[in-house]
Each structure stands twice: as C-alpha cells, then as structure tokens.
Protein chains: 2
Amino acid sequence: MRYQKVPDETIRRLPRYLRALLFLQQRKTESISSQKLAEYVQLNSAVIRKDLSHFGAFGKRGTGYNVSLLSKTIRDILKLNKPQKTVLVGAGRLGTAIASFPGFKRYGFDITAIYDNSKAKIGGKIGDTTIKSTSRLADIRRSEIKMAIIATPPDAAQETADILVENGVTGILNLSSCYLKVPKRVKVRTIDLAMELSMLPYYS
Amino acid sequence: MRYQKVPDETIRRLPRYLRALLFLQQRKTESISSQKLAEYVQLNSAVIRKDLSHFGAFGKRGTGYNVSLLSKTIRDILKLNKPQKTVLVGAGRLGTAIASFPGFKRYGFDITAIYDNSKAKIGGKIGDTTIKSTSRLADIRRSEIKMAIIATPPDAAQETADILVENGVTGILNLSSCYLKVPKRVKVRTIDLAMELSMLPYYS
DNA sequence: TCCTGTGAACTTGTTCACAGCT
DNA sequence: AGCTGTGAACAAGTTCACAGGA
C-alpha cells in the first residue's frame with residue numbers, strides 16, 4: 001500500500017515508535033497514550049498523533065493506542081512484517097560488528113549475504129553466513145535482496161552501490177564516509193559516525 | 001566565540017562541508033564555488049552560501065571560497081582546531097570498530113580513554129589505549145574530557161551517561177538503542193543503525 | 001474525565017532571484 | 001562574466017488548542 005503525502009519526517013519517526021512499542025509489548029502493556037509514548041521517544045505528543053493519523057485513526061479516545069495493534073500496523077507500513085533480506089558489503093571491523101548485532105533481526109532484517117574483497121576473509125563466516133568475494137556481488141540478483149548495508153572503505157563505496165542497484169537493491173544504508181550517486185527510485189541513508197560526532201563540540 | 005541564532009541544520013551541515021574541503025585540500029584545489037561544493041555534498045548551492053554567511057563573508061565574488069581558509073574557519077567554528085579528547089565507553093565489536101577507525105582522528109578527535117565492564121577486556125588494548133574498568137569511569141574528570149561515545153548495551157547506557165555528565169562531558173554520541181535523559185546543557189546525538197535501516201523498505 | 005484527531009497559527013528551513021563586488 | 005550574500009517568497013514541519021468520541 002502507498003499513502004498520499006506522508007512527510008519524510010513521519011517515516012523517519014515510525015521506527016522510533018516501533019522500538020518503544022516492542023519494549024512495551026515485552027512489558028505486557030496493552031495500551032498507551034500519545035502522551036506516555038512521547039516521553040519514551042522524547043517527542044511532543046501532538047507529533048505522534050499527527051504522524052499516526054496519516055495512516056488512519058486507530059487510537060481510542062480516553063484510552064490511547066492498543067500497543068500490539070499499533071506495533072503491527074507500523075510494521076506493516078514500514079514493510080517490516082516479513083523478513084527483509086539484506087546484504088552486507090564490507091566485513092571489516094564495522095561490518096562484522098553490524099553482522100553480529102542482534103538489533104537488525106529484531107526489526108525484521110535478515111543479513112543473508114556478506115561480501116568482502118579481502119582474500120583472507122572470503123570463505124570465513126560471521127555467525128552462520130559465509131563471506132563471499134565481492135567479484136560475485138551480482139549474484140544477489142537471484143536471491144531477490146532489496147536492502148543493503150555498505151561498510152566498505154570510501155573508495156569502494158560508489159562502485160559497490162552501482163552493482164547493488166543494478167541487481168535489484170532499492171534501499172542502502174551507507175556507512176562509508178562519502179555520498180553515493182544513485183537513481184531516484186533508490187533510497188540511500190548515509191551515516192558517517194565521525195561527522196555525527198563533529199557537530200557536538202560546537203555546543204560545548 | 002558564539003554566533004547569534006545559527007540554525008541547527010547549519011551546524012549539522014558544517015562537518016559535511018569540512019569533509020569535502022579536506023578532500024579538496026588533498027587534491028591541492030585552491031578555491032571552490034558554492035555550486036561545485038554543492039555537487040560534492042549533494043545540496044543546493046544557496047544552502048551553502050546561506051550557511052556560511054552566518055559566520056561572516058569569506059567568499060570572493062567571481063571566484064568562490066578559498067579552500068584552506070574555509071576549512072580552517074569551519075574547524076574553528078566547530079571547535080575542531082585543537083584535538084578534542086574523547087572517551088569511548090563499551091569495547092564490544094562496535095566500540096572496537098570505532099576506536100580503530102581513523103576517521104575520528106582526522107576530524108580532531110582523540111580517543112584518549114576506553115572503558116568496559118568485562119573482566120576479559122579490562123587491561124587489554126585497542127591501538128595504544130588500554131581498556132579500563134567502568135568502575136573507574138569517574139576518573140575522566142581529571143583528564144578534562146568533554147566528548148564521549150557510548151557503545152554499551154542499552155541497559156547500561158543511561159547510567160553511563162549520568163557518570164559522564166557528572167564528570168564534565170558535554171557532548172555524547174550515543175550508539176546504544178535507547179534515548180538518554182541529560183541536562184539541557186549537554187548535547188546528545190543518538191544513532192541507532194537498526195532504526196536508520198528500518199525506514200528504507202517503506203520507499204521500496 | 002481522558003485522550004484522540006485535526007484545523008489553524010506558528011516556527012523553522014529552503015529556494016529563488018538579483019543587486020553588487022571582483 | 002562569474003559568483004557571493006541576502007531579502008523575499010515559499011515549503012515543510014511543529015505546536016497549539018479544542019471539538020467531540022469513549
């Protein structure tokens with residue numbers, strides 16, 4: 001399904017809500033008000049109500065939102081209701097950390113393929129997944145992988161992205177410290193940890 | 001120095017400019033127009049001109065900006081002109097990846113202390129830095145560390161943040177998957193990689 | 001009474017477009 | 001001619017405030 005004119009910022013916040021809701025589900029909480037949820041995710045409650053209202057009205061006045069219904073709904077909106085096959089390119093320290101990180105699985109991502117160009121690493125394993133040579137990267141086409149994480153050095157990132165996009169990837173989490181040129185239909189999220197840190201001293 | 005009313009978004013973009021400028025300096029480029037710089041950082045050129053104009057007028061009409069002057073100016077604004085002592089808490093896979101990552105040093109961050117609570121890791125080294133016990137975390141007060149990176153499991157993150165803030169930290173890059181409560185004077189940037197990935201399937 | 005859903009007001013950020021300097 | 005710096009127009013996002021359902 002596709003919704004008309006949902007602000008980007010709303011989509012960016014949905015995972016935050018989902019994280020809080022998963023936590024609340026563990027706690028067996030049945031319903032939650034926008035006010036309470038706002039405390040968890042450190043936002044104004046009106047933002048939450050407006051965000052959710054884009055997808056229909058599933059809150060109950062006087063009570064709030066049903067936790068498990070809302071959690072399911074957000075997973076549906078974000079297409080996290082089925083496992084999202086994901087490829088990781090770059091099995092350096094950062095790549096390895098990511099592949100071993102349980103958080104991705106919890107949100108529905110399944111890292112089903114890992115590629116690296118270092119002979120020393122190819123054939124090795126991270127968890128259950130064997131590291132394959134980047135020369136075979138185009139093989140992902142057959143496994144219908146749509147999501148990718150790039151954790152290569154910057155000079156390999158663009159080439160990697162090109163091959164990924166050519167072979168069916170439509171979403172990229174780019175952890176290399178450079179911007180990628182991709183067709184408009186492909187969504188890229190670039191995170192450079194050094195740059196995120198760099199803005200902090202200004203405020204001190 | 002402090003500037004009046006600089007938008008947050010401007011501060012967030014300065015590191016992007018800096019990254020491009022460092023690259024251009026390597027290439028021995030002497031000056032660059034907002035137009036060209038905009039291509040590098042994938043922004044509209046007017047954004048760049050407006051951002052920079054908050055800090056004074058150091059472009060030359062007809063020519064553009066002097067690369068090394070601008071690079072120095074941005075480092076000054078961001079307080080990256082002197083090494084920023086930084087503490088890393090959490091020496092798991094992600095923490096180790098970060099401590100070994102050369103990018104931080106390039107932007108002026110010096111990871112001078114690393115803490116972890118695992119007996120197996122305490123006393124070990126990452127690069128030249130010895131891992132110390134989190135029970136000694138308050139020691140950072142003496143070294144005048146202002147910046148911190150939290151790469152602990154979520155359940156340790158808030159406690160860690162409290163001790164850091166108590167002992168002089170004013171900027172935190174929080175890589176744990178939970179939000180932190182800190183006094184207003186402290187700036188926190190939270191990055192949860194799983195959440196960054198979670199917004200991508202929506203657009204596919 | 002409690003809390004949602006939402007128009008309207010407000011705030012913040014972006015883009016345009018051009019005067020004026022080099 | 002080329003490019004900056006900036007007011008003015010525009011767009012996006014946030015907060016307020018309240019009618020109305022449970």
Side-chain angles (χ1 to χ4, degrees), chain A residues 3-17 20-21 24 29-71 73-74 77 179 184 187 199 202-203, chain B residues 3-17 20-21 24 29-71 73-74 77 179 184 187 199 202-203:
Chain A
Y3 308 87
Q4 35 160 14
K5 216 54 208 104
V6 178
D8 265 3
E9 292 299 314
T10 294
I11 299 303
R12 184 168 295 176
R13 280 187 295 262
L14 291 181
R16 294 170 65 164
Y17 305 155
L21 291 165
L24 290 165
T29 311
E30 288 200 351
S31 67
I32 184 134
S33 66
S34 59
Q35 188 58 243
K36 273 274 165 56
L37 186 55
E39 285 171 33
Y40 276 101
V41 297
Q42 301 192 1
L43 289 171
N44 177 309
S45 65
V47 171
I48 296 180
R49 292 200 299 280
K50 190 151 277 190
D51 280 349
L52 298 179
S53 74
H54 284 107
F55 307 100
F58 24 73
K60 274 207 175 48
R61 296 171 190 217
T63 321
Y65 299 87
N66 178 293
V67 171
S68 58
L69 172 63
L70 185 54
S71 146
T73 308
I74 292 179
I77 295 166
Y179 294 100
K184 263 212 222 70
K187 189 83 179 175
M199 37 168 292
Y202 174 83
Y203 296 95
Chain B
Y3 308 86
Q4 34 159 16
K5 219 51 208 105
V6 179
D8 266 3
E9 291 300 313
T10 293
I11 300 303
R12 184 169 294 176
R13 281 187 293 261
L14 291 181
R16 294 170 66 163
Y17 304 156
L21 290 164
L24 290 165
T29 312
E30 289 199 350
S31 68
I32 183 134
S33 66
S34 59
Q35 188 57 244
K36 274 275 166 57
L37 187 54
E39 285 170 33
Y40 276 101
V41 297
Q42 301 193 2
L43 290 170
N44 176 308
S45 64
V47 171
I48 296 180
R49 292 200 299 280
K50 188 151 277 186
D51 280 348
L52 297 179
S53 73
H54 285 107
F55 308 100
F58 23 73
K60 274 208 174 47
R61 297 173 188 216
T63 320
Y65 299 86
N66 178 293
V67 171
S68 57
L69 172 64
L70 186 54
S71 147
T73 307
I74 292 179
I77 296 165
Y179 293 101
K184 264 211 221 72
K187 189 82 179 177
M199 38 168 292
Y202 174 82
Y203 296 95

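In what follows, every chain begins at residue 1, and chains take the letters A, B, ... in the order their sequences are listed. Atom set for the values below is all heavy atoms of this structure, side chains included, hydrogens, waters and symmetry mates excluded.
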For [X] and [N], give me the distance from atom [atom1] to atom [atom2], rounded to whole Å.
X	N	atom1	atom2	value
A:Asp8	D:dT14	CG	C1'	16 Å
B:Ile48	D:dC3	CD1	P	13 Å
A:Glu39	C:dC3	CD	P	11 Å
A:Leu70	C:dG5	CG	P	10 Å
A:Lys60	D:dG20	NZ	C1'	16 Å
B:His54	C:dT14	NE2	P	10 Å
A:Glu9	C:dT14	CD	P	10 Å
A:Phe58	C:dT6	CZ	P	11 Å

Looking for any heavy atom pair under 4.0 Å, which part of the strands does [X] touch: base, sugar-phosphate only, or nothing?
X	answer
B:Arg12	nothing
B:Thr10	nothing
A:Ser45	nothing

Counting heavy atoms from C-beta on, name the nucleotide in [options] closest to the side chain of [X].
X	options	answer
B:Ala46	C:dT14, D:dA22, C:dT15	C:dT15
B:Ser53	C:dG13, D:dT6, C:dT6	D:dT6
A:Lys50	D:dA22, D:dT15, C:dT14	D:dT15
A:Val47	D:dA22, D:dT15, C:dG13	D:dT15

Check whether the side chain of A:Arg61 and the base of D:dG20 form a donor-acceptor pair under 3.5 Å.
->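 Indeed there is one.
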From A:Thr73, A:Leu52, A:Ile32, residue fulfilling side chain to side chain contact (heavy atoms under 4.5 Å, CB included) relative to A:Tyr17 |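 Going through A:Thr73, A:Leu52, A:Ile32 one by one, the side chain to side chain contact (heavy atoms under 4.5 Å, CB included) with A:Tyr17 is satisfied by A:Leu52 alone.
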Gap between atom [atom2] of [Y] and atom [atom1] of [X] - 0.5 Å precision:
X	Y	atom1	atom2	value
B:Ile48	B:Leu14	CD1	CG	10.5 Å
A:Tyr202	B:Lys187	OH	NZ	10.0 Å
A:Leu37	A:Ser31	CG	OG	11.5 Å

Has B:Gln42 got more than 12 heavy atoms of other residues, nucleotides or ligands less than 6.0 Å from its CD?
->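 Yes.
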Will you find, in the side chains of B:Ser53 and B:Arg49, an N or O donor that is under 3.5 Å from an N or O acceptor?
-> no
N or O in side chain of [X] less than 4.0 angstrom from [N] OP1/OP2:
X	N	result
B:Tyr65	D:dG5	yes
A:Ser34	C:dT4	yes
B:Asn44	C:dC16	yes

Would you mind telling me which residue lines up with the more 5' stretch of DNA chain D, B:Gly64 or A:Pro7, judged by nearest nucleotide?
->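 The residue closer to the strand's 5' end, by nearest nucleotide, is B:Gly64.
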Between B:Thr63 and A:Asp51, which is nearer to the 5' end of DNA chain D once each is assigned its nearest nucleotide?
-> B:Thr63
Relative to the 5' end of DNA chain C, which residue comes earlier, A:Ala57 or B:Arg49, by the nucleotide with the nearest heavy atom?
->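 Looking at DNA chain C, the more 5' nearest nucleotide goes with A:Ala57.
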